[in-house]
Amino acid sequence: PELAKENSKAGLEAFIGYWFQTLSYAYETGDSKTASDLSSPTCALCQHLLKSVSANYTDGRWLSGGRLRTPVTEVKWDTGTSLQEGKVQVIQEEIHYLDANGSESRELTTATNDAAAFFADFRGGSWVVSNLGVIQ
């Protein structure tokens with residue numbers, strides 16, 4: 001969305017929602033390109049999630065469920081830096097892991113409702129996720 005391209009508090013809030021939508025799309029389709037393009041290679045959790053999604057869409061396997069929602073986002077805006085941070089509520093539906101023949105290949109992952117710390121950097125006219133973590 002246009003707002004997500006803005007270097008502003010509202011822009012970052014929009015970007016956070018958009019990034020989780022792209023990750024949700026990856027869970028639903030196996031296509032993680034957009035989420036990957038918006039994530040720094042140094043974001044360990046981002047890379048782990050994207051690698052996991054890709055691994056579950058090989059050899060005819062696929063996922064069912066896993067859709068993400070982010071009903072609450074709080075951004076702490078610091079005008080003195082390009083690195084910004086936010087907290088976000090991330091709700092994910094349960095995930096079923098299916099083999100090419102449609103049988104469940106492993107135990108499902110139950111639904112979650114977590115708080116995440118989200119760090120993004122505004123570089124070259126767009127946001128990039130630089131770090132992500134679950135708040136305990």
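One is the number of the first residue; the rest follow in order along the sequence.
Remark: side-chain polar atoms of Trp127 are paired, donor with acceptor, to backbone N or O of Glu6 under 3.5 angstrom. Thr29 places a side-chain N or O within 3.5 Å of a backbone atom of Tyr25 that can act as its donor or acceptor partner. Side chain of Asp37 to main chain of Ser39: no donor-acceptor pair is present (N/O by atom type, distance under 3.5 Å, no hydrogens or angles). In this structure, Asp99 contributes its side chain and Asn101 its backbone to no donor-acceptor pair below 3.5 Å. Under the 3.5 Å distance criterion, the side-chain polar atoms of Ser40 are matched with a main-chain donor or acceptor of Thr42. Judged purely by atom type and a 3.5 angstrom limit, Gln92 has no side-chain atom pairing as donor or acceptor with the backbone of Leu68. At least one donor-acceptor pair under 3.5 Å links the side chain of Thr58 to the backbone N or O of Ala55. The closest donor-acceptor contact from the side chain of Ser32 to the backbone of Ala35 lies at 3.5 Å or more, if one exists at all.
A donor-acceptor contact closer than 3.5 angstrom links the side chains of Asn113 and Gln89. When only modelled atom types and interatomic distance are considered, Tyr97 and Thr109 share a side-chain donor-acceptor pair under 3.5 Å.
Summarising the geometry, atom CD belonging to Gln21 is positioned 12.5 Å from atom CZ belonging to Arg69; distances are rounded to the nearest 0.5 Å. The distance from atom CH2 of Trp19 to atom CG of Leu132, rounded to the nearest 0.5 Å, is 5.0 Å. For the atom pair SG of Cys46 and CG of Leu23, the computed distance is 8.5 Å after rounding to the nearest 0.5 Å. In this structure, CD on Glu85 lies 11.5 Å from CD on Glu74, to the nearest 0.5 angstrom. Rounded to the nearest 0.5 angstrom, His96 NE2 and Glu104 CD are separated by 5.5 Å. Atom CZ of Phe122 sits about 10.5 Å away from atom CD of Gln84, to the nearest 0.5 Å.
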>> Working note: Arg123 + Asp121, criterion salt bridge (Lys or Arg N to Asp or Glu O under 4.0 Å); need CA distance, chi angles, decisive distance, verdict.
In response: CA-CA 6 Å; Arg123 303 181 200 159; Asp121 202 12; 3.1 Å; yes
> Are Phe15 and Phe118 close enough, and set up right, to give a side-chain contact (heavy atoms from CB on, under 4.5 Å), and what steps lead you there?
Replying inline: CA-CA 11 Å; Phe15 175 75; Phe118 190 98; 3.9 Å; yes
>> Run Tyr18 and Leu3 through side-chain contact (heavy atoms from CB on, under 4.5 Å) and show every step you take.
In response: CA-CA 10 Å; Tyr18 178 67; Leu3 184 56; over 6 Å; no
> Can Ser105 and Leu98 be said to form a side-chain contact (heavy atoms from CB on, under 4.5 Å), step by step?
Replying inline: CA-CA 5 Å; Ser105 61; Leu98 302 156; 6.0 Å; no
>> Applying side-chain contact (heavy atoms from CB on, under 4.5 Å) to Thr79 and Trp77, what does each step give before you reach the verdict?
In response: CA-CA 6 Å; Thr79 57; Trp77 189 257; 3.6 Å; yes
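Counting Ile, Leu, Val, Met, Phe, Trp and Tyr side chains that sit under 4.5 Å apart, directly or through other members, Leu83 shares a hydrophobic cluster with Phe119.
For Thr110, there are no side chain to side chain donor-acceptor pair (under 3.5 Å) partners, not counting sequence neighbours.
Across all non-hydrogen atoms, the minimal contact from Ala120 to Leu12 is CB-CD1, 3.8 Å. A pairwise comparison of heavy atoms in Ala116 and Val90 identifies CB-CG2, 4.1 Å as the closest pair.
Cluster membership check: Val128 does not share its hydrophobic cluster with Leu45, using side-chain heavy-atom separations under 4.5 Å among Ile, Leu, Val, Met, Phe, Trp and Tyr. Both Ile16 and Leu50 are assigned to one and the same hydrophobic cluster, defined by single-linkage of ILVMFWY side chains at heavy-atom distances under 4.5 Å. Residues Leu38 and Leu49 fall within the same hydrophobic cluster, defined by Ile, Leu, Val, Met, Phe, Trp and Tyr side chains chained together at heavy-atom separations under 4.5 Å.
The number of heavy atoms from other shown groups lying within 6.0 Å of CZ (Arg61) is above 12.
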